Structures are given as structure tokens and as C-alpha cells.
Enquirer: 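My questions all concern the structure below.
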Amino acid sequence: MSAPIIVFDLDGTLVDTAPDLLDSLNHCLETVDMEPVKHEDVNRIVGFGSRVMIERAFALRKRHLDGGQLDALQTAFLDHYTANVPGHSRPFPGAVETIERFHAAGYTAAVCTNKLEGMSLSLLEALGIVGHFSAICGGDTFPMRKPDPGHLLRTIAMAGADPQRAVMVGDSRTDIDTAKAAGIPVIAVDFGYTDQHVSAFEPSRVISRFDELTVEMVEGLIAATAS
């Protein structure tokens, strides 16, 4: 029998990357003389990758953006972000200990993120935790990405785990919708990057700290889904 698995989103769930995402976004906006985005606007623009971040920043400032300009700005964003990894990004308190607790209980762990795969690997390597995961799948790993359930299901398959014994942990509607579409229970953290409280999207559970994410909770959710 394949191992049970706990699958994490990355930005806003496992790792607090907001300071560095904002720095790279404002770096590329500066090249077109646009006013920088403030920290309080982060939750309105993150969660769908760098292109959507840039598009939402332009929408926030009511500025026109064409395709060629978007390509150039995304390149500037990615170059800046990659050159500064890990920057100020750090795992959220208790995140690493939680993964280790699940490993001790016989679970495998994976990352399913819309961040590009190479950037995700670089970040997790720089933080020294890349070895905690059996699969790290980004927005460009497969032909689809969240909220397409195929992204999550293929991540689980790549990790060699059982989708019938899986749970997703995320911070946004995208994560919640993805897990629901895949028929997998989803636990939402309420400290991530979303402009509405995650309870509005009806996840299976909501937690405010990683020490609330217990093996007993996950096993109960998996059992309830299977029944």
C-alpha cells in the first residue's frame, strides 16, 4: 500500500515569501515608472504566479498592460527574484516541525504550487528543507496548474503516494478549489495570502498555527472522505 501524503502549497502556506515577492514586483514596476505596491496590497495580488501579480498591480494602478510589456516585466521579476533567493523568506513558525511530525507517523510530503518549479526548488534548497519532500511540483511542471485538480493529483502520483489517503494544506481559494475538485480534504491556514478569510471558501478545516495540524486531524479527514 502506498504511503499517505500531506501536500502543501508553498507561498503563504509553508513559507512567508511576501517580502521578497513584493521586492521583485516593485523592482520590475520601477522600470516602467510605476508607483510601488505596498505590503497591505499583497493579499490582493499574489497566489497565481508572477504574471498575474504584475497584471493585478497594473489593474490596481489602472494602468494599461500589453502582452509584450508583460513578458518583459515578468523576465525582470524572475531575474530579480532568482538572484535574491532566499532573501527574507522563511518557513512559517512550526511548518518544518509539522512535516517532520508527519514523517514520523509514516506520511510522505509534497509541494504543489503555482510558483515555477525551478524557483520553488531554489527556494526550498536555500532554506535547507528541499529534502523533506518526495515531490515538488510547480506551475510549469505539468500541462495544467491549480485550480485544475490534475496538478494536485499528478503531484501525489509523482510522490508515489495514494490519492485516497491524501490531504492538501493551503492558504487560498485556489488551493481549496483544487483539492475539492480532486476529491481530497483540504486544511486552510488563515495566515496566508488571500483578500478574504479562508473560511469563506469552505475548506475541511481552518488552522491558525501549525501546531494545530495534527496527525489525528488528518487521519480523521481522510477516513471521513473514504466513508
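Sequential numbering from 1 along the given sequence is applied to the chain's residues. Here the structure is a predicted model, which is why all the values come from computation and not from measurement.
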Enquirer: F8, V215: one ILVMFWY side-chain cluster at the under-4.5 Å cut-off?
Expert: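 Yes, it is one cluster - the side chains of F8 and V215 are joined through contacts under 4.5 Å.
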Enquirer: Quick one: does any side-chain atom of Y193 pair with a main-chain N or O of D11 as donor and acceptor, under 3.5 Å?
Expert: no
Enquirer: Side chains of R44 and R56, heavy atoms from C-beta outward: is any pair under 4.5 Å?
Expert: no
Enquirer: Distance-only check: which donor-acceptor pairs under 3.5 Å involve side-chain atoms of residues 177-188, not counting sequence neighbours?
Expert:
residue : atom : partner : partner atom : Å
D177    : OD2  : R173    : NE           : 3.4
T178    : OG1  : T174    : O            : 2.6
K180    : NZ   : F201    : O            : 2.9
K180    : NZ   : E202    : O            : 2.9

Enquirer: Taking the side chain from S89 and the backbone from V85, do they hold a donor-acceptor pair closer than 3.5 Å?
Expert: no
Enquirer: Any non-hydrogen side-chain atom of L127 less than 4.5 Å from a side-chain atom of P91?
Expert: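 Yes, their side chains come closer than 4.5 Å.
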Enquirer: If you count heavy atoms of other groups shown closer than 6.0 angstrom to CZ of R205, is the number above 12?
Expert: no
Enquirer: Checking S172 against T194: is there a side-chain donor and acceptor pair closer than 3.5 Å?
Expert: no
Enquirer: Find out whether I5 and R165 are in side-chain contact, i.e. whether some heavy atom of one side chain is under 4.5 Å from a heavy atom of the other.
Expert: no
Enquirer: Would you say the side-chain atoms of D41 pair up with the backbone N or O of V37, donor to acceptor, closer than 3.5 Å?
Expert: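 No.
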Enquirer: Identify the two heavy atoms, one from M217 and one from T214, that lie closest to each other, and give their separation to 0.1 Å.
Expert: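 So the two residues come closest at N-OG1, 3.0 Å.
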Enquirer: Closer than 3.5 angstrom, by distance alone: can the side chain of T82 be matched with the main-chain N or O of D79 as a donor-acceptor pair?
Expert: no
Enquirer: Should Y81 and L121 be regarded as members of a common hydrophobic cluster, given that ILVMFWY residues are connected when their side-chain heavy atoms come within less than 4.5 Å of each other, either directly or indirectly?
Expert: yes
Enquirer: At their closest point, which heavy atom of R61 faces which heavy atom of K38, and how far apart are they?
Expert: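 Answer, listing the atom of R61 first, then K38: NH2-N, 4.4 Å.
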Enquirer: Count the heavy atoms belonging to other residues, nucleotides or ligands that lie under 6.0 Å from NE2 of H103, then report whether that count exceeds 12.
Expert: yes
Enquirer: Minimum heavy-atom separation for G87 to D20, with atom names?
Expert: CA-OD1, 3.5 Å
Enquirer: Can you confirm whether P203 sits close enough to V206 that some side-chain heavy atom of one is under 4.5 Å from a side-chain heavy atom of the other?
Expert: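 Contact flag for P203/V206 side chains = yes.
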Enquirer: For the residue pair F92 and R209, establish whether any side-chain heavy-atom pair is separated by less than 4.5 Å.
Expert: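 F92 does not reach R209 side chain to side chain.
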Enquirer: Does some side-chain heavy atom of H151 sit less than 4.5 Å from a side-chain heavy atom of N114?
Expert: yes
Enquirer: For residues D171 and T13, is any side-chain donor paired with an opposing acceptor at under 3.5 Å?
Expert: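 The answer is yes; a qualifying pair exists.
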Enquirer: Closer than 3.5 angstrom, by distance alone: can the side chain of R90 be matched with the main-chain N or O of T17 as a donor-acceptor pair?
Expert: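 No; judged by distance alone, with no hydrogens or angles, the pair does not exist.
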Enquirer: Quick one: closest heavy-atom pair of H27 and A76, and the distance?
Expert: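 For H27 and A76, the tightest heavy-atom pair comes out as CD2-O, 3.8 Å.
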Enquirer: Could you tell me whether D9 and K146 make a salt bridge, using a distance below 4.0 angstrom between a side-chain N and a carboxylate O?
Expert: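 Salt bridge flag = yes for K146 with D9.
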Enquirer: I want to check something: taking the side chain as every heavy atom from C-beta on, are K115 and L123 in contact at a cut-off of under 4.5 Å?
Expert: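 Heavy-atom side-chain distance check passes, below 4.5 Å.
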Enquirer: Say whether, by atom type as modelled, one donor and one acceptor occur between the side chain of T98 and the main chain of F210 under 3.5 angstrom.
Expert: yes
Enquirer: Report yes if the side chains of I6 and V169 come closer than 4.5 Å at any heavy-atom pair, otherwise no.
Expert: yes
Enquirer: Which heavy atom of T155 sits nearest to which heavy atom of A135, and what is that distance?
Expert: O-CB, 3.9 Å
Enquirer: Write down the atom of H64, the atom of Q69, and the distance for their closest heavy-atom approach.
Expert: O-OE1, 3.7 Å
